4 protein chains.
Amino acid sequence: MRELPVQLATKLYGAAELIADQGLDNTKIDDIAEASGVPKATLYYYFTGKEEILAFLLKDLLTAIAGDVAVAVSAEGPASERLAGVVRAQLGVMLRNPAPCRALVGDLGRATRLPELAAALSAAFYEPVEKLLREGAEDGSLRRAEDPMSEAVMIFGTVTIAGLMEAIMGAHREMDAIANGVARLLLDGLAPRTLDATGA
Amino acid sequence: MRELPVQLATKLYGAAELIADQGLDNTKIDDIAEASGVPKATLYYYFTGKEEILAFLLKDLLTAIAGDVAVAVSAEGPASERLAGVVRAQLGVMLRNPAPCRALVGDLGRATRLPELAAALSAAFYEPVEKLLREGAEDGSLRRAEDPMSEAVMIFGTVTIAGLMEAIMGAHREMDAIANGVARLLLDGLAPRTLDATGA
Amino acid sequence: MRELPVQLATKLYGAAELIADQGLDNTKIDDIAEASGVPKATLYYYFTGKEEILAFLLKDLLTAIAGDVAVAVSAEGPASERLAGVVRAQLGVMLRNPAPCRALVGDLGRATRLPELAAALSAAFYEPVEKLLREGAEDGSLRRAEDPMSEAVMIFGTVTIAGLMEAIMGAHREMDAIANGVARLLLDGLAPRTLDATGA
Amino acid sequence: MRELPVQLATKLYGAAELIADQGLDNTKIDDIAEASGVPKATLYYYFTGKEEILAFLLKDLLTAIAGDVAVAVSAEGPASERLAGVVRAQLGVMLRNPAPCRALVGDLGRATRLPELAAALSAAFYEPVEKLLREGAEDGSLRRAEDPMSEAVMIFGTVTIAGLMEAIMGAHREMDAIANGVARLLLDGLAPRTLDATGA
DNA sequence: CATGAATGAGCTTTCATTCAT
DNA sequence: CATGAATGAAAGCTCATTCAT
């Protein structure tokens, strides 16, 4: 994959929606060419094939998530609050980029098979959150996790599915409302707090 | 789609793995024919096409989940315990059927576009869990949800991702360990219980 | 390559001319399909690709040559006369099948790269002729060759080029005239027979 | 086709091998660019296309043959000896330039279709040899040919195939040995000389 | 003068699907 | 009822070629 001229990269985003709607396999290269305004042969000049185009789009999304998550993770304050920040960050990126985000999920299987994506996802999310969970155990704002990695994975799953629901349904709720709902589930769980000192 | 001879149905499961590994679009009908030992033309005699084969496989899985979930939901005891049972039920089916389960996720996008599947998923999971959440609010074992439907969705996401991790990684942990981890996250959350009277 | 129905094989000969005229690379699969009346996809059902079609056509030709050459080689009489018979046999096949014959030459390079063809050629021509040369040395009708294999190759070259000239030019001379010219060159050489007891 | 800088011409010979190995059609312009180290666009600056590059390479070869053949033809001595010289000359050029030589044969079909090549070949070989045959008939060192042109063609074929065998096999015999074998076949034929006054 | 970047025009190949047996 | 054989319809990808710099 050749170095992409920015202008071309920009045009490509126009195709993300298409892929999200139809799935990559139902999206012909011609469609991508037409939707993006980039000639088919030019796409092949820069990419090895269809998959690489999708990978590029998704990597871009993950990079964005990674960036915002990183900011949230290394903010000031107790880990629990920073975790809520992480949730907000991921949801924010997802709601701002619904198309690639739907594409990511629609082709989760394929994404699973793109090794560099798995790595990118891990770096973007799992590792920082895992670190955050450990810090929370130390500052006392989070309970000590038995298996931080798998907990990080579950957190990602929860946030992702929540974000997706919105992306698919067509975002009718406020981002803050969603983020709060997710954060509350993750932090407080579904069981009632007996002596409600913690509460919301 | 004609009524399937059982023997044929059985053979078909052999193809689930294939679809799970490659995604439906990368799986040619010839592949399915070869993997299952059912001649291509015979597949067409019973199914309208590839999609219908996948749908058959997935519906089977969802039916299984629905059944086990239904049992867990209508068991005895407080809603919180029954919710833990639901988690165990879903994870159980997933771990026992890793291939169709991976196929379901790998082709989530398509699944989204197969209306009867969405309906089946809703019936199998969302509705019973939503009902359970309401019951929990009444018997006091669960806090009152603000938006039970979206909470049901998140629960599904969390469990699913946890199950998938195992299905993809190749199940090395005990099913109970996973189920407990998930149930604990969902019920108690990540924050420490201030006055730990509740605990697990 | 699947077993070919005879009817299909027959139709294919219609394409030989085309390939001979344009060379394989300038002959599109569509052309072959149209010229032979066999649908493109059917061609692919039986052959792996364009090359295999050419290989089939050429092998057919070589089989024909091999057959006639074999007859000539194992005829009655001194080796020298049988060698003349071989020349006539090869030229005969070539003149009767000008199209595949031109194709063979036009794509000699490719033919060189089709291993099964090299083997077929060797079996069809080199080996029988080499054997014939040895027999001639014994019955005294041919001089003892220093390197029978390379002499067999040269003989093939001479006959082939002669045959090609005719195939390309469009056969204006009698087959016998050509065969006699070639046989004479091969047997008597260009030098005058000093004491012309042998002569033609 | 613009006047070629020598340095560029030199680089191009590097591509002859490639073309000889794969045939022109399987050789992409990119391959030629890479093999020769000349940028693709630069090739187009000097040549009109692929064919012209091949033509350039082959013409070069034919010019070399023509030169050496001309020298041999117009040497001193009887025509029969000069004919042997011609054989040596052609074989010499072929063995010294195996790559373009294989390319010429591999693409004989195309060469046939490149009119200027046919003309060059005729001028380089057929005409001088035809003339030589006539001279031999006059000085008594060669028998009178019935059809000198077609005999010249056969001579070319014999020598060419012999040269090719070596070029393809990877030249293991001494050039002189080959030349002598060919010359002997052409001059004396395969039949034994009854009263061997002539011999080798 | 030489060339990196870009692309129009096609072609091979693949597959889902049909249907006679 | 089941299936081997055949094919129509598409699509991914390649490559020769151009042109602005």
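The structure presented is a predicted model; accordingly, all values stated were derived computationally and were not measured. Residue numbering restarts at 1 for every chain, and letters A, B, ... go by the order of the sequence lines.
- A distance of 8.5 Å separates CG in D:D21 from OG1 in D:T27, rounded to the nearest 0.5 Å.
- Looking at the side chain of D:I29, the nearest of the listed nucleotides F:dA16, F:dT7, E:dT13 is F:dA16.
- Between the CZ atom of A:F47 and the CZ atom of A:R2 there is a distance of 11.5 Å, given to the nearest 0.5 Å.
- Between C:D25 and C:R110 a salt bridge is recorded (basic side-chain N to carboxylate O distance below 4.0 Å).
- The distance between atom CG of A:N26 and atom C1' of E:dC15, rounded to the nearest whole Å, is 14 Å.
- The residue among C:G49 and D:T42 whose nearest nucleotide of DNA chain E is located toward the 5' end is D:T42.
- Picking from F:dG12, E:dG4, F:dT14 the nucleotide with the shortest atom distance to the side chain of A:K28 gives F:dG12.
- Residues D:N97 and D:Y13 bring no donor and acceptor atom of their side chains to less than 3.5 Å of each other.
- Two residues, B:P39 and C:A41, neighbour DNA chain F, and the one matched to the more 5' nucleotide by heavy-atom proximity is B:P39.
- Look at CZ on D:F47: it is 16 Å from C1' on F:dT17, rounded to the nearest Å.
- Of all nucleotides listed (F:dT7, F:dG12, E:dC1), E:dC1 comes nearest to the side chain of D:R2.
- A straight line from CG of B:L43 to P of F:dG4 spans 11 Å, rounded to a whole angstrom.
- Annotated stems with DNA chain E as a participant read E:2-21 with F:2-21, given as range with range, by first number; only runs of 3 or more Watson-Crick or G-U pairs under 3.5 Å qualify.
- One can place OH of D:Y45 at 18 Å from P of F:dT17, the figure rounded to the nearest angstrom.
- Phosphate proximity of E:dT12 to C:K50: present, with a side-chain N or O under 4.0 Å from OP1 or OP2.
- Between the side chain of D:K40 and the base of F:dT17, a donor-acceptor pair under 3.5 Å is found.
- Distance, A:D30 CG to F:dA9 C1': 14 Å, rounded to whole Å.
- Between the CD atom in D:Q7 and the OG1 atom in D:T10 there is a gap of 7.0 Å [rounded to 0.5 Å].
- Looking at C:D31 and C:Q22, their side chains come closer than 4.5 Å, going by heavy atoms from C-beta outward.
- Here the P atom of nucleotide F:dA20 and the OH atom of D:Y44 are 18 Å apart, to the nearest Å.
- Separating the OH atom of D:Y46 from the P atom of F:dT17 is a distance of 19 Å, rounded to the nearest angstrom.
- Put simply, CG on A:L24 is 13 Å from P on F:dA11, counting in whole angstrom units.
- Heavy atoms from other residues, nucleotides or ligands lying under 6.0 Å from CD of C:E52 number more than 12.
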